[in-house]
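Start at 1 with the first residue, then count along the sequence. Read the numbers this way: they start at 1 and go in the same order the structure lists the ligands and their atoms.
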Amino acid sequence: MDKLLIQGGIPLRGRVKARGSKNASLPIIAAALISAEPLVIEGVPDLLDVRTMIAVLESLGAAVSYSPEQELVRIAATKPPGLEPPPCLVRQMRASFLVLGPLLARNGKARLSLPGGCAIGTRPVDLHLKGLTAMGARFTMDNGYIEGETRGLEGARIYLDYPSVGATENILMAATLARGTTVLENAATEPEIVDLANFLNSMGARVSGAGTTTIRIEGVVELGGARYNVIPDRIEAGTLLLAGAITGGDITVENVLPDHLKSLLAKMKEAGATVEEVAPSAIRVRRCGQLVGVDLKTLPYPGFPTDLQPQFMAMLAISRGTSMVTETVFENRFRHVAPLLSMGAQIQVEGHHAIVQGRRYLTGAPVSASDLRAAAALLLAALAARGVTEISEVVHLWRGYSGIEERLKSVGARIQHLKREPYPSLQTGG
Ligand code: UD1
């Protein structure tokens, strides 16, 4: 099992670059199934989740080549794709469910096992199915599988009971080839939705209103080829900015769109960090002295992102005073609390709330990561803690942060990656 050993207490200083967005890359790669023409997608980070999505597309018959050095993916789903990606891939990652909309649009049929992903709640897919059903798809469930079928999707007026990111993406992708116009209300407004819509439009789709709560999609007969560059990863950029603040350092994060991080930057300033936009796509963060506790509530965009809540809580654990963190997006997203407690944090969880009593410092300890963003929170806590922290189950980190340890080392972090020992080979007698 891979582990990270981190010597904490070193203020990070220097410049570091955020990579392309994981959560934009995944639906964009899935959307490639809608077109028979070649697509080139740039700025795709080398992550476990990206590799899984590529494997899903390959399993469906698409020709995919990925150059991690160039962060470039080429996809050609020339023939109509298969119907059923292997369940082992779908269960590895919830985002695999994003092939449902594209498969229904292109094939009129799909069979998927129920998705997996981070252990942060039940994460149902009812809103995806409700929207696609309104467009004329029929679903049956049997033995952990969902089978969808349609004789041709029809444009519809759909109101989402909750602005689910994944449901918005699946419906948006399916609607590109539907007959007539789809109007999606109470849609998610995350920047990754806008990026997906821009990608689809570059392929010839007719999507307007992405980034607002009402998206309008006029169906077209087919989509063509395109070359597209994904947006920078706002969650990774936010994590790096928090690394600067939690260590009392001075970090400039490049390749970041400040508009996508307004809620985080406001909260960091409220906590006493000095945050400046030093260029249109670079943010510098510094802190002198102890930060102060602030209250925080996660919400759909443009509210505070749930994907940065664990990392921010790590910072609050060493901020003066009491903070209240309220998680409204996922029902089980406090799994980072127990390991933070073993590092000396004082946090009490009551339902959707966590009350954090700031300490002057955390202490290095052996801890285990339970999911992607919990792993990021432990990494930040470890960078700030006194002594050495050993993080196990670090595989979760590779799902969302590409080469993060090297980039943190380049700004002064002391991190050692202990790779899994291969099993000793058996001596066979001759
Ligand atoms: C996406 C992101 C994830 C982020 C989340 C919220 C990707 C690959 N993942 O996940 O990193 O944390 O948005 O910003 O982009 N829900 C339902 N029914 C549904 C769908 C969702 O009840 O049909 C609930 C979920 O259980 C959850 C909430 O809605 O409690 C938000 O989920 P959703 O916005 O769909 O998140 P994901 O698309 O899974």
Examine ligand 1 and decide if any of its atoms is less than 4.0 Å from a heavy atom belonging to R333.
-> yes
- Item | Heavy-atom neighbours of K409 NZ exceed 12 at 6.0 Å | yes
Min N/O separation K22 to ligand 1 under 3.5 Å
no
- Using the ring of each side chain (for Trp, its six-membered ring), is F304 parallel, tilted or perpendicular to F312, with breaks at 30° and 60°? perpendicular
Nearest non-hydrogen contact to atom 19 (C) of ligand 1 from the set S164, P27, P124 belongs to P124
Does some side-chain heavy atom of T306 sit less than 4.5 Å from a side-chain heavy atom of E327?
yes
In short, salt bridge (Lys or Arg N to Asp or Glu O under 4.0 Å) pairs touching residues 179-191 with sequence neighbours left out are E154-R179, R157-E185
**Message:** P163 versus ligand 1: do any nitrogen or oxygen atoms come within less than 3.5 Å of each other?
**Reply:** no
- N/O separation below 3.5 Å, T306 to ligand 1: no
Here the pair of heavy atoms bringing R234 nearest to L261 is O-CD2, 3.4 Å
Under 4.0 Å from one or more heavy atoms of R94, ligand 1 contributes atoms 20 (C), 21 (C), 39 (O)
H260 meets the ring-ring contact (aromatic ring centres under 6.0 Å, His included) criterion, sequence neighbours left out, with none
Which of L112, L60, N107 passes side chain to side chain contact (heavy atoms under 4.5 Å, CB included) with L83? It is N107
Within the 4.0 Å heavy-atom cut-off, what V165 brings close to ligand 1 is both
In ligand 1, the atoms that come under 4.0 Å of a heavy atom of V329 are 27 (C), 28 (C), 30 (O), 31 (C)
Answer yes or no: are there more than 12 heavy-atom neighbours, outside R216 itself, under 6.0 Å from its atom CZ? no
**Item:** ligand 1 contacted by E192 (non-hydrogen, < 4.0 Å)
**Value:** no
Atoms of ligand 1 under 4.0 Å from any heavy atom of G166, numbered from 1 in the order shown, are 35 (O), 38 (O)
Near Y162 (heavy-atom distance under 4.0 Å), the atoms of ligand 1 are 28 (C), 29 (O), 31 (C)
